[in-house]
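Numbering of residues begins at 1 and proceeds along the displayed sequence. These figures come from a predicted structure and were not determined experimentally.
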Amino acid sequence: RDMSLAVGSAGVTIVAMVVHTQSPFLTLMGLFQILLSFPLAYFVYYFIAGLVFFPFLNFIGIFVVFALGADDVFVAVDKWKNARHELPHGTTEQVAALALPDAAYSMMLTSLTTAVAFFGTAICPVGPIVCFAVFCGLLITLDYMMNILLVFPALCLYDKWLLAGSTNCLVHFECWCFHKNKGEKASESDIQGKSAPNSMDDVTSGELVVSISAVEQLSIEDTTRINASDRPEKQQQPTVARRDKGTDDEERQLLLELEHETLIHRILDGYYNVLHTFRWQVLAIAFAAIIACTILAAQLSLPVSSEVALLPDSNEYQMHWSWKQNLLSNTLAKEQGSEALIMWGVTPADTGDHLNPDSWTKLVLDEKFDPKSEDSQSYLLNFCDRLFKQFGKVNEKYECPMVLFDEWLKDQSTSQSPTEAYSQNCKGATSVPVHLEVFDPCIIGWSQLVNIKSILQTKGSVKIMQIRTKSNLTADSPQSESKNEWTTYEAWLNDERSSAPNGANKMYQSDIVYWWFDTNQQMLKTAYGAAGIALACAAVVVFISARSFVLTLFAAISIAYVLVAATACLVGLGWELGFLESILFAILIGISCDFVIHFGHAYTMYSGNVNRQHRSHFALTHMGPSILAAAFTTFMAAVVMIFTEITFFRKFAVILFMTILHSTIGCFIVFLVLCDCFGPAEPTKSYNAIKAKIFGSARKE
C-alpha cells in the first residue's frame with residue numbers, strides 16, 4: 001500500500017510540473033531525471049559506498065526526491081522564462097548563458113543544505129539510520145546533477161523549437177493563466193519605446209543596451225563575449241548606454257511589467273502592495289508569533305515510554321501488541337522487573353559491522369581476568385552477598401556460581417562416595433578458596449557436571465564468569481528510569497572495582513534494556529549533532545548566496561521561526577521528542593532554509609544602490625512562482641504520505657507538511673517584511689568592502 005501511495009505522490013508531482021512548465025516535453029525530462037536518480041544513487045550506495053543493507057526507511061527517499069526534484073525543475077524553468085523576458089530578441093545561447101548558471105547556482109545552494117542535513121545524520125551509529133541518511137543524501141545530490149545534465153539541455157531544445165515557430169502541443173501548450181502572445185506584443189512595443197534594437201541585426205551592428213537585471217546576472221564582459229562572436233571584427237566592442245537614476249528606475253519598472261503578465265505575478269503584485277502597506281503591523285505580529293511559538297516549543301518533552309510503534313493503532317499487529325500490554329501476566333512481569341548480568345572475562349566491545357545486520361560481533365576476551373588466585377576466589381565468593389543486599393536477587397532460588405561451587409566442595413569433601421568430577425579434579429579441596437593449580441580443573445569439572453552455563457572455559461582455563469542480578473527496568477521503561485538504574489549500578493561497581501584484587505576488577509554490567517537505552521541516547525546525540533551541522537551549513541550557504549550580513553541575520557530569524565513554529569505545532573498535536581522525531585527534526589532543518597535562500601539570492605540581484613522596496617518586490621515576483629509551485633508539490637507529497645501504514649513515514653509526512661507550511665510563511669511574511677522594513681539598499685556593500693581589503697592586502701604583499 002505504501003508503494004502505491006508513493007506512485008500516487010509521483011502522479012501529483014507530474015500534474016504540478018505539467019501545469020507549471022506548460023510543456024509535456026519539459027515535464028517528461030524532469031520526471032526522467034528524478035527517476036534516473038534512483039538507480040544512480042543505488043549504484044553509488046552499493047558498489048562505491050559498499051553498503052549492502054537496504055532498510056525499509058530508504059523508501060522514504062521516493063517521496064523526498066519527487067518533491068525536491070520537482071522544486072529544481074521549477075527553478076530551472078522559471079529562471080529560463082525570466083531570462084527570455086529580459087532578452088526577448090536574444091538567441092537561445094544568450095538566454096542559456098544568462099539563465100542556466102544562475103539556475104545551477106540557486107539549485108546548488110538549496111540541494112547542498114538538504115544533502116548536508118541528510119549526510120550529517122550519518123554520524124549516527126545506528127545502522128538503518130546511517131543507510132537511510134546516505135541514500136537520501138545521494139538521491140538529492142544525483143538529482144541535482146541529472147537536472148543539469150538533462151533539464152538544462154531540454155530547456156535549450158524547448159527554446160529553439162519555440163523560436164522556430166513550433167506549435168506542437170507536446171512542446172508547449174497555452175494555459176488559462178498564461179498569455180504568451182499578449183506578453184510578446186507588450187515586450188516588443190515597450191522595448192521599442194525605450195529605443196531598444198528591433199531585431200538581432202540591430203543588436204549586432206548598433207549599440208548594446210543592457211538591462212539592469214540582466215547586468216546583475218550576466219556581467220558586461222560576458223555579454224560582450226557572447227555577442228562579439230555574432231559581429232564583424234571591427235565592431236566587437238559594444239558600448240553601454242549610460243542612464244541616470246530616473247531612467248534606471250523606469251527600466252526596472254518596465255521589466256517588472258513585462259514579466260508580470262501571468263495571473264500568479266499579478267497576485268503576487270497585489271500581495272506585495274498589501275504587505276508593504278501594513279508592513280509594520282505585520283512585523284509586530286511576526287515577532288509576537290515567534291515569541292509565542294518559542295514558549296510553546298520549549299514544552300516539547302522526552303517520551304515517557306521507550307516503546308516505538310512502527311505501525312498505526314488500526315493495524316492488527318499493533319492491536320495485538322496493545323492487547324498484550326493489558327494482560328495481567330504482562331503487568332506482573334513488569335512489576336517484577338528483569339535481570340541484568342555482571343560479567344568478568346569479557347571486554348565490552350562491538351566488533352560487528354553496524355551497517356550489515358548479518359554481521360555479528362565477536363567476543364573480546366579480557367586477558368587480565370584471573371580468578372585462580374586465592375584473593376580473587378574469596379572476592380568472587382563474597383561479591384554476591386554485597387550485590388544482592390544492594391539490588392536484590394533475580395529470584396529467591398538463584399545463587400551465584402561461586403557460592404554453589406563452595407557448597408559443592410563442602411558436600412563432596414565429607415561424602416562417603418564423592419563424584420568422579422570431584423575425585424579426579426579437586427584433590428581433596430574442602431571449600432573456596434582452593435589451591436591455585438586445582439581451581440581451573442575443579443570448577444570446570446563441577447560446571448560440566450551440574451550444567452552451569454555461567455562459567456565458560458577454553459583449553460582447560462576459566463575465561464568468562466557471569467552473575468545474574470535483579471533489574472528494575474523493562475523494555476519500555478522511560479529514559480530517565482533507565483539512566484538512573486545505569487548510574488546507580490555503575491556507581492556501586494566503581495566502588496567494587498577499587499577494592500577488588502587484580503584479575504577480578506574489570507567486571508561490568510549488561511542488560512538488554514540498556515541496548516535500547518543506548519540506542520535512544522545515540523539517536524538523540526545524532527539529532528543534536530546533525531542539527532548543528534545542518535544549521536552551520538545553512539548559515540554559510542545563506543551568507544554565500546546573499547553576500548550580506550544583514551540578509552543572513554534576516555534568514556536566521558526566518559529559519560528560527562520555521563523551527564519553533566513547526567515544533568509548536570507538533571507539541572499541539574501531542575508529540576514527544578522520541579528518537580524518530582529527533583532524526584526527522586535534524587533532517588528537515590536542511591529543508592527549512594531552501595525558500596529563504598532563493599529570496600535572499602534574488603534580493604541581491606540588483607547591483608548598486610536600489611531601495612529596499614524595489615529589491616523586496618523583485619525578490620517576491622522573481623522567485624515567488626517557483627517557491628509556490630515547489631511548496632505545492634511538497635505539500636501534496638506530504639498529504640499522500642500521511643495515509644501510509646508505517647509510522648515513520650506518517651511522522652515524516654507531518655513534520656514535512658509543517659516545515660513546508662512554515663517555510664512558506666517564513667519567507668513570504670517574516671523574511672519579506674524584514675527586508676521591506678530594514679533591508680539594505682546595497683546588501684553586498686560590506687561584503688565587497690571586506691573582500692576588497694583582504695584581496696587588496698594580499699596583492700600588496
Test item: Asn58 side-chain N/O and Phe132 main-chain N/O as donor-acceptor pair under 3.5 Å: yes

Gap separating the CG atom of Leu493 from the CE atom of Met507, nearest 0.5 angstrom: 5.5 Å

Inter- and intrachain pairs under disulfide bond (SG atoms under 2.5 Å apart), touching residues 356-398, at least two apart: Cys384-Cys400

Pairing residues for Lys506 by the side-chain contact (heavy atoms from CB on, under 4.5 Å) criterion, not counting sequence neighbours: Asp366

Pair Trp408-Tyr422, ring pair (Phe, Tyr, Trp, His ring centres under 6.0 Å): steps then yes or no: CA-CA 9 Å; Trp408 180 75; Tyr422 176 81; 5.7 Å; yes

Residues 446-463, side-chain donor-acceptor partners within the protein, below 3.5 Å, at least two apart:
from   : atom 1 : to     : atom 2 : distance (Å)
Ser447 : OG     : Ile443 : O      : 3.3
Ser447 : OG     : Ile444 : O      : 2.8
Gln457 : OE1    : Gly460 : N      : 3.1

CA sep, side-chain torsions, deciding dist, call: Trp492, Phe383, ring pair (Phe, Tyr, Trp, His ring centres under 6.0 Å): CA-CA 12 Å; Trp492 187 83; Phe383 178 85; 5.4 Å; yes

Flag, side chain of Ser111 to backbone of Ile140, donor-acceptor distance under 3.5 Å: no

Pairs meeting criterion salt bridge (charged side-chain N to carboxylate O under 4.0 Å, His left out) with involvement of residues 400-413, two or more places apart: Asp406-Lys410

Spatial distance of atom CG (Asp370) from atom CG (Asn505) [nearest 0.5 Å]: 11.0 Å

Phe439 versus Met402, closest heavy-atom pair with distance: CE1-CE, 4.3 Å

Reported CG-to-SG distance for the pair Asn356 and Cys131, which is rounded to 0.5 angstrom: 9.0 Å

Where Gly503 and Phe369 come nearest, the two heavy atoms and their spacing: O-CD1, 3.1 Å

Donor-acceptor contact present, side-chain Thr113 to main-chain Thr110, <3.5 Å: yes

Evaluation steps, ring pair (Phe, Tyr, Trp, His ring centres under 6.0 Å), between Phe135 and Tyr42: CA-CA 7 Å; Phe135 184 71; Tyr42 185 77; 7.1 Å; no

Minimal non-hydrogen separation, Gly345 against Ile464, with atom names: O-CG1, 4.2 Å

Contacts of Ser510 that satisfy side chain to side chain donor-acceptor pair (under 3.5 Å) - sequence neighbours left out: none

Heavy-atom donor-acceptor pair, Ser378 side chain to Asp375 backbone, under 3.5 Å: no

Derivation and outcome, side chain to side chain contact (heavy atoms under 4.5 Å, CB included), residues Tyr46 and Leu51: CA-CA 5 Å; Tyr46 186 87; Leu51 299 174; over 6 Å; no

Lys470 side chain reached by Asn395 side chain, heavy atoms, under 4.5 Å: no

Pairs where residues 376-395 contributes a residue and the test salt bridge (charged side-chain N to carboxylate O under 4.0 Å, His left out) is met, not counting sequence neighbours: Arg386-Glu496, Lys393-Glu399

Contact check, side chains of Pro401 and Ile467, non-hydrogen atoms, under 4.5 Å: yes

Polar side-chain atom of Glu485 near backbone of Asn472 as donor-acceptor pair, under 3.5 Å: yes

Asp72 and Asp143, any side-chain heavy atoms less than 4.5 Å apart: yes

Closest heavy-atom pair and its distance - Thr419, Gln412: N-OE1, 2.8 Å

Side-chain heavy atoms of Pro125 within contact of Thr526, under 4.5 Å: yes

Side chain to side chain contact (heavy atoms under 4.5 Å, CB included) between Val346 and Tyr508, worked out: CA-CA 9 Å; Val346 179; Tyr508 69 92; 3.6 Å; yes

With sequence neighbours excluded, residues passing side-chain contact (heavy atoms from CB on, under 4.5 Å) with Asp495: none

For the student: nearest non-hydrogen atoms of Val134 and Ala122, plus distance: CG2-CB, 4.1 Å

Atom pair CG (Asp353) and CG (Asp350), whose distance is rounded to the nearest 0.5 Å: 9.5 Å

Heavy-atom check, side chain of Asp71 versus side chain of Thr634, under 4.5 Å: yes

Full working for side chain to side chain contact (heavy atoms under 4.5 Å, CB included) between Tyr489 and Asp511: CA-CA 11 Å; Tyr489 259 103; Asp511 188 339; over 6 Å; no

Side chain to side chain contact (heavy atoms under 4.5 Å, CB included) between Trp344 and Gln466, worked out: CA-CA 6 Å; Trp344 284 269; Gln466 65 182 24; over 6 Å; no

Pairing residues for Cys442 by the disulfide bond (SG atoms under 2.5 Å apart) criterion, not counting sequence neighbours: Cys426

4.5 Å side-chain heavy-atom contact, Leu139 and Phe118: no

Min side-chain heavy-atom separation Leu409-Thr430 under 4.5 Å: no

Pairwise distance SG(Cys537) to CD1(Ile544) - rounded to 0.5 angstrom: 8.5 Å

Check: Thr347 side chain, Ala349 main-chain N or O, donor-acceptor pair, under 3.5 Å: no

Atom pair CG/NZ of Leu436 and Lys372 - distance to nearest 0.5 Å: 6.5 Å

Contacts of Leu570 that satisfy side-chain contact (heavy atoms from CB on, under 4.5 Å) - sequence neighbours left out: Leu573, Trp575, Phe585, Val654, Ile655, Met658

Check: Asn484 side chain, Ser480 main-chain N or O, donor-acceptor pair, under 3.5 Å: yes

Glu374, CD: over 12 other non-hydrogen atoms inside 6.0 angstrom: no

Side chain to side chain donor-acceptor pair (under 3.5 Å) involving Thr141 - partner list, sequence neighbours excluded: none

Counterpart residues, side-chain contact (heavy atoms from CB on, under 4.5 Å), relative to Ile512 (two or more places apart): Trp515

Residues forming a side chain to side chain donor-acceptor pair (under 3.5 Å) with Gln509, sequence neighbours excluded: Glu490, Tyr514

is_close_aromatic(Phe54, Tyr45), centroid dist under 6.0 Å: yes

Minimal non-hydrogen separation, Tyr379 against Ala504, with atom names: CE2-O, 3.9 Å

Under 3.5 Å donor-acceptor, His354 side chain and Gly127 backbone: no

Side chain proximity check, Gln377 to Val434, heavy atoms < 4.5 angstrom: yes

